[in-house]
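In the text below, chain A, chain B and the rest are named by the order of the sequence lines, each starting its count at 1.
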Amino acid sequence: MSRPSDSRLPASFLTPGSSSFADFLAQQSPELLPGRRTPPSGQVDVPHGTTIVAATFPDGVIMAGDRRATMGNVIAQRDIEKVYPADEFSAVGFAGTAGLGVEMVRLFQVELEHYEKIEGTTLSIDGKANRLATLIRGNLSMAMQGLAVVPLFAGFDPQAVGGRIFSYDVAGGRYEETAFHAVGSGSLFARGSLKKLYRENLSERECVMAVIQSLYDAADDDSATGGPDLTRRIFPIVAVVTADGFRRLPDADVGAIADEVVAGRMQRPDGPAAQLI
Amino acid sequence: MTTPFYVSPEQLMKDRADYARKGIARGRSVVVLQYADGIAFVAENPSQALHKISEIYDRVAFAAVGRYNEFENLRIAGVRLADLRGYSYDRADVTGRGLANAYAQTLGTIFSSGGEKPYEVEIFVAEIGESVDEDQIYRLTYDGSVADEQGYAVMGGQVDSVNEYLSTNYSAGLSLEDAVLLASAALGHDSQQPRTPDPEQLEVAVLDRARSQPRKFRRIRGERVTALFGGADAAATADDETPAAADATSDPAEPTTEPTAESAGETTAEPNAEPTDGEADGAAEDSIDLTDLPPDPPEPTA
């Protein structure tokens, strides 16, 4: 019996099968998937997000992102947010096309929550990292048109009892990073900075200090990365993920640390000196 | 000569309704009731993994009685519908009423179509609002009819006797402990001889307005359920701990030297005892019995 005029839920809703929201979306409303649109021909000027850094410390992992979005030579937004909770025990940040990045993050958040609700258990951290890789892979045709999104994923792994960091390329390649990593236009400078500042036994506060120093260095040498905005009091977003879950540091706390960093730079503009040997 | 076999439409519908009703009455009841801080669901369920009560969305939960495979299908459909709506619009646009309507249409169509057997299920869809007055509880039956319930409601098993007990003993503004105790006592009044349900066989979950996270659904399991029955002192301690664990994100917690020290809380759970079923809050909250759970809950519909 076919019931074209029925108002009941479509069969696809009631069919058991995939626990993945993205798979369901591809079947039910493919137009809502970020990567499924026909890529536009020609160039468009859209806002781009810039630098995201992450670093582990003994209790977990810290992720931070600057607040600038650029469109060509113009600063498109001063206070964009590029670091989000992926679920209770992980954080995700993105560099690249801001519009697609935000959408990708939303889809990833729903994907994890959906799995949790359907299956009654959370994904392993590797499972989460792999799902994100699949979503990025779906965006490849957009990336070929210049609308690339490169995420950085970090979370607390209860099995390993510590923080873990995963980086990606536009083709969906997934790479686990040790200790620290950065993505985006200022990432080279941020990574160089963290190389000199990072130690394995940093406390949470010291680790936050190190990533803010690295964002300062990125902003120092990369025009697309925004430094701490002291006049408007706009500071990087800092997320801490530990056994207690995801926690975004209040602006006041980040502001206090940023003020210290800036005060230090007044004395020595290149930042703290590492030992030669 | 055979005369065509004629069944009047009234008789046909009555037979189908009887069939569905019988299936539903075979199981045990589920009780839902409003308490001061939200809506509590209590069911007798010996299984730790096959739930009768589940999270659908931020403020919406689902409870069902009847055939497991049928209500599990409806639950998954509800999660898909809610997530799809929340993703394509906004989280605030997912409502219990919308979900109840979709379920009602689905159940109604299946019931009145000749080609399918009616679903042997009854469903609660509940949504908490900003205050008790804005809470909504919908009860959906096998034929797609919807009832808007106030205060408390029962479905499955011996509805009448359980309902009678609740109607004499329920009052508005109960605390969580009192609400769960009342619900448990009501579940025991399902026959002439009242019995006391084993607290370890109770499935308890709440939509808790006081939770700081957007997802208000929370399961109360194992020791936390027994604590509710353990007298005022034990119940009070359990209550104090819950918000602390739940508020891990809003609380700039003191750094812990031992990463697992906090998560273990008052239990001896392993660090890998992650919260499940939407309790994506502090691991302490329900890590108690998770270590006993199989890694993957069986999926009978698969």
Looking only at heavy atoms, what is the nearest atom pair of [X] and [Y], with distance?
X        : Y        : value
A:Arg8   : B:Gln105 : CB-O, 4.0 Å
B:Thr106 : A:Leu9   : OG1-N, 3.0 Å
B:Ile56  : A:Lys117 : O-NZ, 2.7 Å

### Task
Kindly determine whether B:Arg215 and A:Glu116 satisfy salt bridge (charged side-chain N to carboxylate O under 4.0 Å, His left out), including the steps that lead there.
CA-CA 12 Å; B:Arg215 290 165 73 181; A:Glu116 206 178 302; 3.3 Å; yes
### Query
So B:Leu84 and A:Phe13, side-chain contact (heavy atoms from CB on, under 4.5 Å) or not? Walk me through it.
CA-CA 10 Å; B:Leu84 181 61; A:Phe13 282 76; 3.9 Å; yes
## Note on the structure
Per-residue tally against chain B (heavy atom, under 4.5 Å) across A:Asp157, A:Val110, A:Val240 peaks at A:Val110
### Task
Under 4.5 Å, counting heavy-atom pairs only, tell me which of A:Gln109, A:Arg205, A:Arg106 racks up the most with chain B.
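Of the options given, most contacts go to A:Arg106.
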Just wondering, are more than 12 heavy atoms of other shown residues or ligands nearer than 6.0 Å to [atom1] in [X]?
X        : atom1 : answer
A:Glu200 : CD    : no
A:Glu176 : CD    : yes
A:Arg233 : CZ    : yes

### Query
In terms of heavy-atom pairs under 4.5 Å with chain A, which of B:Asp83, B:Val79, B:Leu74 leads?
B:Asp83
### Message
Less than 4.5 Å apart, side chain to side chain, heavy atoms only: is that true for B:Tyr87 and A:Glu103?
### Response
yes
### CD1 on B:Ile76 to CD on A:Glu119, rounded to 0.5 Å
8.0 Å
#### Entry: Gap between atom CG of A:Leu14 and atom CD of B:Glu72 - 0.5 Å precision
11.5 Å
### Message
Using heavy-atom distances under 4.5 Å, tell me whether A:Ser29 contacts chain B through its side chain, its backbone, both, or neither.
### Response
side chain
### Message
Is A:Leu107 in contact with chain B via its backbone, its side chain, both, or neither, using a 4.5 Å heavy-atom distance?
### Response
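Contact with chain B: backbone and side chain both.
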### Query
Do B:Arg80's NZ or CZ and the ring of A:Phe21 fall within the cation-pi criteria of under 6.0 Å and 45°?
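No, B:Arg80 and A:Phe21 do not form such a contact.
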